[in-house]
Engineer: 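Here it is, the structure in full.
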2 protein chains.
Amino acid sequence: MLGEFEYALITAAAGLGDKAYGAAIREEIEAATLRKCSIGALYTTIERLEKKGLLKTWMGEATPQRGGRAKRMVLVTEAGELAAKNFYDAVMRVSLNARWAMEKGESLL
Amino acid sequence: MLGEFEYALITAAAGLGDKAYGAAIREEIEAATLRKCSIGALYTTIERLEKKGLLKTWMGEATPQRGGRAKRMVLVTEAGELAAKNFYDAVMRVSLNARWAMEKGESLL
DNA sequence: ACCCTTAGTATCACAATGTAATTCAAATCA
DNA sequence: TGATTTGAATTACATTGTGATACTAAGGGT
């Protein structure tokens, strides 16, 4: 099963589409999470997810701008999307009947 | 931050109210999760959560039925509920805009 | 030409979490 | 008494999460 950070990373990458690369993903995560995302967490996790086949990555070209170093581009694979969906569904299922999950009077059936 | 299993455990215990003890929680988790919950996962996690003040536990009386051994009763503390809520909210926030989280045409705003 | 700043990636070591396997305890029932 | 049943505890190891630190290359200013 995915961990919470892994889930956040996949979701961020998926949202960025073809603009997904390390640093951008990091910003996404911080925005969505409201917490710092350390460099170590980022690249270590990217590597692990790639090893599991949930991401595919490759080095892009360096861009012609100050500091424009080559980027590690990231693509979420089918397996990656599926894993994310499973994580999400699992949390939803567990949260049925949880007080903190019931807002707006939804009965969640 | 809580892990996913920790979240499931707190949620199960909260749902069981004053009937929350090791074995019952385990069944809850398996039902909600659709996956096996090993004994080790259970008690190790209970212990860790208690150490962090998210749960309180104590030994109950042995019940007068075959094998009715004393139970370790579990109560979710305020801090525990808060942590669970935070986990849930974090997942929700991260999942805004995620394709797999948008069902029923909700725009999620 | 040289150094500073900037955008990025890479790695290591360790902490926190997740899980299986195995053992122990106490109570009934035959 | 001893087999059966409910339930808890321990051990050891795998997986995830994270901070600290280092590295690389480009542009800009002087």
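In what follows, chains are A, B, ... by sequence order, proteins preceding strands, each numbered from 1.
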Engineer: In whole Å, I'd like the distance from the CH2 atom of A:Trp58 to the C1' atom of C:dA10.
Structural biologist: 19 Å
Engineer: Can you find a pair of side-chain heavy atoms, one from B:Leu75 and one from B:Trp58, that are under 4.5 Å apart?
Structural biologist: yes
Engineer: Take atom CG of A:Leu9 and atom C1' of D:dT18, then tell me their distance rounded to the nearest Å.
Structural biologist: 13 Å
Engineer: How close or far is atom P of D:dT15 from atom CD of A:Glu47, stated in whole angstroms?
Structural biologist: 15 Å
Engineer: For B:Leu42 and C:dA20, give me the distance from atom CG to atom P, rounded to whole Å.
Structural biologist: 12 Å
Engineer: Less than 4.5 Å apart, side chain to side chain, heavy atoms only: is that true for A:Arg26 and A:Tyr21?
Structural biologist: no
Engineer: Considering the options B:Ile10, B:Leu16, B:Thr11, which one meets the side chain to side chain contact (heavy atoms under 4.5 Å, CB included) requirement together with B:Ile25?
Structural biologist: B:Leu16
Engineer: How many Å lie between CZ on A:Phe5 and P on C:dA16, as a whole number?
Structural biologist: 17 Å
Engineer: Nearest 0.5 Å, please: how far is OG1 in A:Thr33 from CE in B:Met1?
Structural biologist: 7.0 Å
Engineer: Rounding to an integer number of Å, can you tell me how far A:Ile29 CD1 sits from D:dG19 C1'?
Structural biologist: 16 Å
Engineer: Would you say the side-chain atoms of B:Glu50 pair up with the backbone N or O of B:Thr57, donor to acceptor, closer than 3.5 Å?
Structural biologist: yes
Engineer: Going through the checks in order, is the salt bridge (charged side-chain N to carboxylate O under 4.0 Å, His left out) test met by B:Arg99 and A:Glu81?
Structural biologist: CA-CA 9 Å; B:Arg99 210 174 312 120; A:Glu81 277 215 25; 2.7 Å; yes
Engineer: Between C:dT17, C:dT11, D:dG17, spot the one nearest the side chain of B:Glu6, thanks.
Structural biologist: C:dT17
Engineer: Does A:Met1 or A:Cys37 map to a spot on DNA chain D nearer the 5' end, using the closest nucleotide for each?
Structural biologist: A:Met1
Engineer: Please confirm whether the shortest side-chain N or O distance from A:Arg35 to OP1 or OP2 of D:dT18 is below 4.0 Å.
Structural biologist: yes
Engineer: Between protein and nucleotides 12-15 of chain C, what N or O pairs are separated by less than 3.5 Å?
Structural biologist:
unit_1 : atom_1 : unit_2  : atom_2 : d
C:dC12 : N4     : A:Thr44 : OG1    : 3.4

Engineer: Atom OH in B:Tyr7, atom CG in B:Leu49: separation rounded to 0.5 Å?
Structural biologist: 13.5 Å
Engineer: Please state whether the phosphate of C:dA20, meaning OP1 or OP2, lies under 4.0 angstrom from any side-chain nitrogen or oxygen of B:Ser38.
Structural biologist: yes
Engineer: Kindly compute the distance separating CD (B:Glu47) from CZ (B:Arg72), expressed to the nearest 0.5 Å.
Structural biologist: 7.5 Å
Engineer: Please work out if B:Lys52 contacts a base, only the sugar-phosphate, or nothing of the nucleic acid, heavy-atom cut-off 4.0 Å.
Structural biologist: sugar-phosphate
Engineer: For B:Arg93 and B:Asp89, what are the C-alpha separation, side-chain angles and deciding distance, and is it a salt bridge (charged side-chain N to carboxylate O under 4.0 Å, His left out)?
Structural biologist: CA-CA 6 Å; B:Arg93 203 178 313 113; B:Asp89 289 349; 5.5 Å; no
Engineer: Keeping the roles fixed (side chain from A:Thr77, backbone from A:Gly53), state whether a donor-acceptor pair exists under 3.5 Å.
Structural biologist: yes
Engineer: Whole-Å distance between D:dT6 C1' and B:Glu61 CD?
Structural biologist: 16 Å
Engineer: Quick one: B:Lys36 NZ to C:dA21 C1', roughly how many Å, whole number?
Structural biologist: 15 Å
Engineer: How would nucleotides 23-30 of chain C be written as a contact map, 5' to 3', with B for base contact, S for sugar-phosphate-only contact and - for no contact, using protein heavy atoms under 4.0 Å?
Structural biologist: --B-BSS-
Engineer: Picking from C:dG18, C:dT11, D:dA9, which would you name as closest to the side chain of B:Arg72?
Structural biologist: D:dA9
Engineer: So what does A:Ala23 hit on the nucleic acid, given a heavy-atom distance under 4.0 Å: a base, only sugar-phosphate, or nothing?
Structural biologist: sugar-phosphate
Engineer: Under 4.0 Å between any heavy atoms, over every strand shown, what does A:Ile39 touch: base, sugar-phosphate, or nothing? Just pick one.
Structural biologist: base
